Structure formats: C-alpha cells, structure tokens
Amino acid sequence: MIRFEDVSKHYDNHTALRKVSFSVERGEMVFITGPSGSGKSTLLKLIYLSERADEGSVFVSGWEINTMRDSDVPVLRRKIGVVYQEFRLLYNMSVFENVAIALRIRGVDEREVKARVFDSLKIVNLRHKSDNYPHALSGGEQQRIAIARAIVAEPILILADEPTGNVDPDTSAGIIRTFKEINARGATILIATHNRELFRDTGKRTLKLDFGNFVGEGIG
Amino acid sequence: MIRFEDVSKHYDNHTALRKVSFSVERGEMVFITGPSGSGKSTLLKLIYLSERADEGSVFVSGWEINTMRDSDVPVLRRKIGVVYQEFRLLYNMSVFENVAIALRIRGVDEREVKARVFDSLKIVNLRHKSDNYPHALSGGEQQRIAIARAIVAEPILILADEPTGNVDPDTSAGIIRTFKEINARGATILIATHNRELFRDTGKRTLKLDFGNFVGEGIG
Amino acid sequence: MSLPYSFRVAISSLLHEKWINFLSMLTMAIGLLFTAITLLTVYNIDLMTKKLPEKFSIMLYLKDSLAREEIDTLIEGIRQDPSVDRVFFIPKDEAFRELKATLRNTEYILDGLGENPLPNSIEIKLKAQLLGPESVKKLTAKLKEQAGISEIEYGEKFLASLHSVRKGMNTIGLVFLIVLSTGMIFICYSTVKILFYRKDEEIKTYKLLGATKGFIRTPFLIEGAVIGTGGGLISCITLVSLYYTFIFKLSQTFPLLNSMYFPVELFLALPAAGLLLGIAGAIIAIGRIRY
Amino acid sequence: MSLPYSFRVAISSLLHEKWINFLSMLTMAIGLLFTAITLLTVYNIDLMTKKLPEKFSIMLYLKDSLAREEIDTLIEGIRQDPSVDRVFFIPKDEAFRELKATLRNTEYILDGLGENPLPNSIEIKLKAQLLGPESVKKLTAKLKEQAGISEIEYGEKFLASLHSVRKGMNTIGLVFLIVLSTGMIFICYSTVKILFYRKDEEIKTYKLLGATKGFIRTPFLIEGAVIGTGGGLISCITLVSLYYTFIFKLSQTFPLLNSMYFPVELFLALPAAGLLLGIAGAIIAIGRIRY
Ligand SMILES: Nc1ncnc2c1ncn2[C@@H]1O[C@H](COP(=O)(O)OP(=O)(O)OP(=O)(O)O)[C@@H](O)[C@H]1O
Ligand SMILES: Nc1ncnc2c1ncn2[C@@H]1O[C@H](COP(=O)(O)OP(=O)(O)OP(=O)(O)O)[C@@H](O)[C@H]1O
Ligand SMILES: [Mg+2]
Ligand SMILES: [Mg+2]
C-alpha cells in the first residue's frame, strides 16, 4: 500500500527526513513514533502530498505519487482519510457539516449523508454536539470531530497524526478500538503518536523515528 | 491563592461546571484531570477571566475576580502565565517575538528581554528555532513555545491546559520537571491534563472532574 | 457536487460573517454608484454639446440684382449638397425688422434711413454630424463660385471654438470615465480580494480533503455574486433616490437639468454589473488553485 | 510599552502580508484621488462662474442736456455706493464708433444718418461678491431718482440666468463633493475594516496575555497610518502625473484648461488626509477593546 524508497525532505533550514525507506502492506495498521520534531508529521504529509519529497520515491497503491500531476492530487486525497495534528476544522460550519464535507467531496448521495454522518459522530460520542460550531467545543471534542471526518467516508487508507493528544485515556482506548475495527474491515491505517499507551499490547508494528532517521522497529 | 465557591458555568446549551468548590494554596502544584469535555479548560478560563462564572465566586490572590472591573482584567492576567490548549501563538511573529511578547506586555526592560527569552527557549529545547515562524514548527514544538511564553515572565501563577498533548514522554517529563522547579521557587501551578503519566509519582494533589462536577481528589 | 449544496454553504458563510459582508456590499455599491454617475454626466455633457451645432449657420448675402427665380435655383442647388440640412431664404424686409428688434430702444438710429439698406440673404444650416471646419470650408469655396452672391459670412471663430469645446469635453469626459471606472472596478475587486484573503486556510483545508477545484470555487463565486449583486442593487436604489431628491427638485429652479437624460437601462445594468464584478472579483481573488 | 517596539511590530506585520496591504493602499489611493479630483473640479467650476459677473454691467443713458460737471458729480455719487466696483463714462462719439464696429460690413446703414443719434452713457461694474438681482434692483432704484438720466439698462435676464447657473452649479458641485467624499472616506474606512477583520484572533490573544489597550492598539494604528499615508502619497503622485499627461497636454489645444487652478496645498494635503483616514479607520476598525 505504501512504500518509501530513500526519501528525504528538506525544509528551508532543516532536514526533516533523511533517506527513509519502509513499506506498509495493504490492510496493515502501523504506528509511527518518535520525539517531538523527529519528522512524523512530515512523513504523513508526504503521503497525502501536502509536501513533496525532495529525494527518493513515495509509492501509494502502486502510484509513484511524488511526481504525480497536480490534477491527480485530489483523486489521491479522496482515497485517504486524514486526522490532522492541528485538526483543520472549518470554523464557520456546524459540526455536522464538518463531518459531512468528507462525503460531499466524494459525491456521496445526499440521502445517505445524514445517516453516515450521525453514525460517525456516534462512534466518537459526539452525536449530541452535531449542531454546535467547532469553537464551542472542547479541545478533545474538536479532535474527535476530526477523527469522525477522517473515517466517515470509509477510505482505504487512514492517516492519523497524534489523534489522541487531547483526549483522556478511556476515550483514547475507544478511538484505537475503532481504528482496529476499521482496519479489520480492510483499511490500511498509519498512526503517528508518542503516546506509548496507544500501541502497547496492540500487537501492531511500530516504526521509531529520530531526527529524521528510522532508529527502530518493534511490535507494540 | 485560588478559591472556587459553588461556581457554575453555563454555555448556551450546556452546563460546563456545576457548583464547583475547591481551593489551591499559594505555592501549591495541583493537577486537574477528567475526561474530554468535563470542564477542565472552562475551569482555567474562569481563573484568567476568558469566561466569567454564572454563579458563585472565584477568588485569586484574595480578589473576587468574577465581578472584577474590565480595567483590572489585564492587571490580573499579567500576574498569570497561561499555556492555552490551542497554543494561541502569534503566527506573523518569529518564535523569539512570540516568547518576548510576554515580557514586553509587562514592560520588562529591553536589555533584559533577549537573555530571558533565550533562557526560556533553552528550557524547552528550542533555542535553535528562535528565528523560525510558528507555522514552520512541528505540533510539539509549537506547544513548547507556548510553554516558554507562559514561564518567561516568572508569573506567580501558571495555568497549563493540556501542556504535553503533542510531545513525547521524555519531553513531557522534562516539562513537568521544569514546572516543579518553578513551583519550588514559589509559583503556584495548576495543570489540566488527562495524561496520567504526568502526575503519577509526583506526590502532588490531583482533582478529578466529570461532567462539570468534582468526583474525586488524590495524590499523584 | 450539487449546486444546492454550494448555495447552502455560500449562504451560511455569508450569514456567518454578515457585517463584514454587508460592508463589502456597501463598498461595491459606492464603486458602482460613482461609475454610473460619471457615465451619466459624461453622456449628458455629450448630448448637450451635440445640440450646440444647431446654433451654427452660414449666411449668404445676395446681390439686389438677383431675380426671384434665380434665387430659387440657387437655393435648390444648395439643397443638393450632402452636408446641408436646411436652407432658409430671408427677404431684406424681414432682415430689417429683425435689425430693428435687435437695436430695441435705440431703433431711432434707423429712423434717419429712408430706404432699407439691407440685402436679401440665405441662411444655411448644416447637418450636425458633418459639421466641422473642413466641411464648411469646402461648401463655402463651392458657393463662392456661384454668381449673385455678394458676401458669405459664418462664425469662423464660433465654429472653431465649438469644435474644440466638443473635442475637449469629450476627451476629458472619456479620460475621466476610463480613469474612474478603472478605479471603481479596482475597488470592487480589491474589496472581494481583501474579504477573501482570510479564507486562505479554509481553501487549504478543502484542498487537503481532496475537493475538486469546482467544489472549492463554487461557494466563493456564489458569495462574490451575492455581494456584487447586492452592491449593484444598493447603488441602483441610491441612484434613483439621489435623482428624486436632487435632480428632480433642482430642475424646478434650474431648468437646464430638465433636459438631462436618465436611461432606464443604466439602472437595470447596475445589479448586472455588480454580479459580473462580484464573480470576476471572486475568481481573481481565489486565484489559480494549485495542489 | 516602548514606541519603537510598536513600530517594529507594525512594520513586520505590514511586510508579512505585503500584497494585501499594498492592495489596501491602492484602494485608499483611489478613494483619495477621486475626492481630490472632485474637489478640484468643483473648485474650478466655482472659480469660472465667479469670473462670469465681470461681463455684467449697468448702462445709464444720459440726457444730452447734462453738462460735463454734472456728469462728473453723478459719477462721483455712483462711486460712493458700496456695491459699485468701477464706473466708466462713455462719450456719445465713442459709442457711435463702437456701433459702427458692431455693424461691420453693414455699417453703410449708418451712412444715411447725418448726426450721431446716440446719447452719452455711463457703464457701472458691480463688485462680484455683491452681484445679485436684489442688489442691482436697489442700486437702480436709487439711480432712477437722479436727474439727468434718460434710461437705465441692464441685462435682467442675463443676470437672472447667471445667478441661477451659479447657484445650480454650486449646489450640484457641493452635493457631488459631499456624496463623493463621503463615499470615498467610507471606502477607505471599509478597506481598513475588512483588512483588520481577520486580526480578531490576534487581538484576542493579546488581550488574554494581559496587554493594555494602548499596547494592542498602537501597532494597528501605525499600520493604518502607514497604509493611509502610502495611499495618500500614491494618489498625490497619480494626480501630478494625470495633470502632466492630460491637463497639461490638452491645454495646448484647449486653452480653457489653462486657467485651471491646481493648488499645491491640495497635493500636500493628500498624504496628510490619508494619514488621518488610516488612523481613524484603524481606530474604528479595532473598535472598543473590552476585556
Ligand atoms: N463556547 C462554548 N459554547 C458552548 N459550549 C461550550 C463552549 N465551550 C465549551 N463548551 C462545552 O463545555 C464542555 C466543557 O468544555 P471544556 O473545554 O471545559 O472541556 P475540557 O475538560 O477542557 O475538555 P478537553 O479535555 O476535551 O479539552 C464541553 O462539552 C464543551 O462542548
Ligand atoms: N514548513 C516548515 N519549514 C521549516 N521547518 C519545518 C517546517 N515544518 C516542519 N519543520 C521542521 O521539521 C521538523 C519535523 O517536523 P514534524 O512536524 O514532521 O515533526 P513531528 O515529528 O510531527 O513532531 P511533533 O511530534 O512535535 O508533531 C521539525 O523540527 C520542524 O521544526
Ligand atoms: Mg507532528
Ligand atoms: Mg480542554
């Protein structure tokens, strides 16, 4: 599903990833961990093409996406559900619309939208907040809306960047349980986090980054 | 230092705090914990007057701040250092200026500013990012800038809302160590978090909120 | 993506920040209003200067020796000329009466004269659109060759200054119209651009979610269209009110204004212009969407 | 808080989003430019209509019986009147020469007259600022009581229409100036307001950090001042260029423009007006800061 071959990413004054190679099979659930600033978010950004790699090749579903034409980018992105570290909610839309947008962008029939959005909101326990606006939500609630939006369209690949940074351990466990269920139904899932409790005892593969280099791999 | 007497806070369609009473002594370091949406951020907001309580009294340093005149609010806020859950960095200023602003607002002499800002950035390990702009930082780095800004002016009270949600365990431990040092020098510190590792084995008091009610108190 | 959805998004976005959107609408209204006022002013000045040539004529003073039939053929010949609009014959008696009227209180000057000393004359009015120093020169040169004409008179100076006034007015008017319209269109564009500037993050989020360009643009275009059309309607209403409160009232005391022309099409064109500007502004403001 | 710090913050904020700030500057420049152009136009039209009264005069036709000394005392008396500017005596011979010149080619009309039939006359020019139908009526009523004057003549119609033209022009000019200036000032304000709208979060952060109102406002006021002054300078430069490319060139072929008046003060006032508008706009745009 995902393959990095000697991928490097340089920002103006900083090298965020240094000749990184790894691959994730279709249907796998993998954790990426590492200290703050080690390049976890950058790695995910290279997959949904928010940034392009400076060296090496990135393959997603067999496509070499790093040299992908601009016009194909939205097609790629619609196959992926992303939980952004900074949430990226739309602050002038209700919670319902914030989740529904993922379906609308994919052209899902309007009659299906309501049921699927409410299902997704129920999973993150926020069904009762569907009419609120994001700024009237707590930090953890906003993060859960971001999760609901990432999973509602049932994408084949889910990238979650620190998806439990603002929620309590019980809610975290619930979220990981949800990801595992979705993974069991066939979706590939990549989670960047430094919350060890998340991957402890999951039996899933864990990749450890440090200063832009892979420094270890293990089973959570 | 802080005393809540039967404090309630209602939002339009939600009661965030219900007759909450507690007090924190001068020089204490206290953790507030509880699930997502339980009212932790709201409780802190009532202390720095981002929100006003609907019922009850809030005392800070002996002042009843809930009925405080508008013109006194900045005076109160300058006594407090806050790590906001959503960071609240100024995105068109460099990292250096983002931290320095806390000193400038307090009228600290320009000759002192540079040294104190760099000291503070060193504590959060971001001395080398001082010329960057916030959007060129990782999530955890932004959070650490927010922490540096909260402590740089050496306020008598520090409120930290989920200050380690985006950083790795080692960095978290470092941050808690820093807070403890500052606390040892006399500052009162209140930390809202659901990261149990933070207060485990600290020997500090922990208040547990649930659905806007206090449901327990313990020693971490 | 369905259009009704885009409409809902646009409307909710418009309402969510209604004051700032209303402010933009007012700004566009002002831009359109002033373009309309300038257009009207330039147009009316042009109309007025077009009427001036009516006052211009060529006078032919005829020799007394000319018989009535000779005069008739002369007039007929002049009528054939393509630049000539109308030709009047003024008998010497009528000219004398006119002179008397002109001298008014001092007409006793003429009392001493036994006989009418004035000649018969012919007045020629030229077609307004062909009126100019060259065409008049050509015609008079032709007439000079005719027998029986003792003198040809026309206000050379008047004609020249009339010509320069018209040219000047039209040039200034046109320059002013172009400068002002450009300025006002720029203001409309700039308002939408500054308004949409803070939507950068929103657009980036849409892009990251995989939205197509059309999906992203449509709500913004609708927003721009609503703001533009709103601005156009406000400017239209203001123009009508201005017309009734000022021009209409003033024309009672100042009849020149009565002849001003207010084409209804212009009033109807304002909302349409606003619509176009709003959409165009939104398109340029959002810019090329790159992934 | 130190002022140099506020300046640094303002400058860095201006540079951080330079394009949108430049756009606002241009928009303000256009607003100021059109206000200046209207001001100039209205002012020049007023100047021109002020010159028209010079063409107006009152003619007194004197009885032949009046002796030279009597005429002199009469003239002296008229000179005393506060509304009178200048008085000319026109001897009958001169009037006859003028009449001859007026009749030009038809002066043989007068050949039949043995003697000059015209009377001596006095021409009175009134002070421009006192010229009006009432003052003229008052003066002529007084003159009518004087002996030795056979007739008083003045262009009643000319005076009346001159008066209504001046009044109309001034009223329209003033209305236009007020409407346009209001509109343009609103555009300047609205630009700053829309520009600062997205600073809401920034201001909220400042407030939460405990900044005083002055600390928060000063950088924004400086930003507003820079944008306003920049706009004023751009409009000033544009006005000077427009003057040289159009008015200056056009005045070669169209001499009326030569007499147009371009006060240097106006050019200097533009940046100052921009500065004021920018600061005022910023103050209103930020609004009352409440904690
Ligand atoms: N402005 C608001 N309007 C309406 N409801 C609000 C508003 N702010 C917060 N709430 C609600 O109040 C409750 C408490 O919010 P608060 O932010 O205090 O929670 P929290 O304990 O900080 O949660 P988290 O751990 O997720 O940050 C939440 O259910 C939230 O939805
Ligand atoms: N746009 C950018 N310009 C310059 N440097 C950047 C940019 N984005 C990220 N960086 C730097 O690249 C490094 C890696 O950033 P990244 O966001 O990938 O870290 P991370 O592993 O996600 O960290 P965290 O756990 O704190 O979120 C950081 O040091 C960061 O400062
Ligand atoms: Mg990250
Ligand atoms: Mg919170």
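All values derive from a computational prediction rather than experimental measurement. Convention: sequence-line order gives letters A, B, ...; per-chain numbering from 1.
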### Query
C/T205 and side chain to side chain contact (heavy atoms under 4.5 Å, CB included): which partner among A/L89, A/L90, A/N98?
A/L90
### Message
Is there a side-chain contact between A/N92 and C/S12 in this structure, where contact means two heavy atoms from C-beta onward sitting under 4.5 Å apart?
### Response
no
### Query
Which is it for A/Y91 and C/H16 under the ring pair (Phe, Tyr, Trp, His ring centres under 6.0 Å) test, yes or no, and what are the steps along the way?
CA-CA 10 Å; A/Y91 287 88; C/H16 198 255; 9.8 Å; no
### Full working for side-chain contact (heavy atoms from CB on, under 4.5 Å) between A/I101 and C/Y5
CA-CA 10 Å; A/I101 188 97; C/Y5 172 67; 3.4 Å; yes
#### Entry: Part of C/K213 lying under 4.5 Å from any heavy atom of chain A
neither
### Query
What are the two closest non-hydrogen atoms of A/P74 and C/A211, and how far apart are they?
CB-O, 4.0 Å
#### Entry: Side chain / backbone / both / neither for A/M93 at chain C, heavy atoms under 4.5 Å
side chain
### Query
Heavy-atom distance under 4.5 Å between the side chains of C/T212 and A/R78, does that happen here?
yes
### Query
Quick one: does A/Y48's side chain get under 4.5 Å of C/L209's, heavy atoms only?
no
### Task
Would you mind checking which part of A/R69 comes under 4.5 Å of any heavy atom in chain C, side chain (CB onward), backbone (N, CA, C, O), both or neither?
neither
### Query
At their closest point, which heavy atom of A/R77 faces which heavy atom of C/K207, and how far apart are they?
NH1-O, 2.9 Å
### Task
State, yes or no, whether a side-chain contact exists between A/R104 and C/V9 at a heavy-atom distance under 4.5 Å.
no
#### Entry: Side chain / backbone / both / neither for C/E17 at chain A, heavy atoms under 4.5 Å
neither
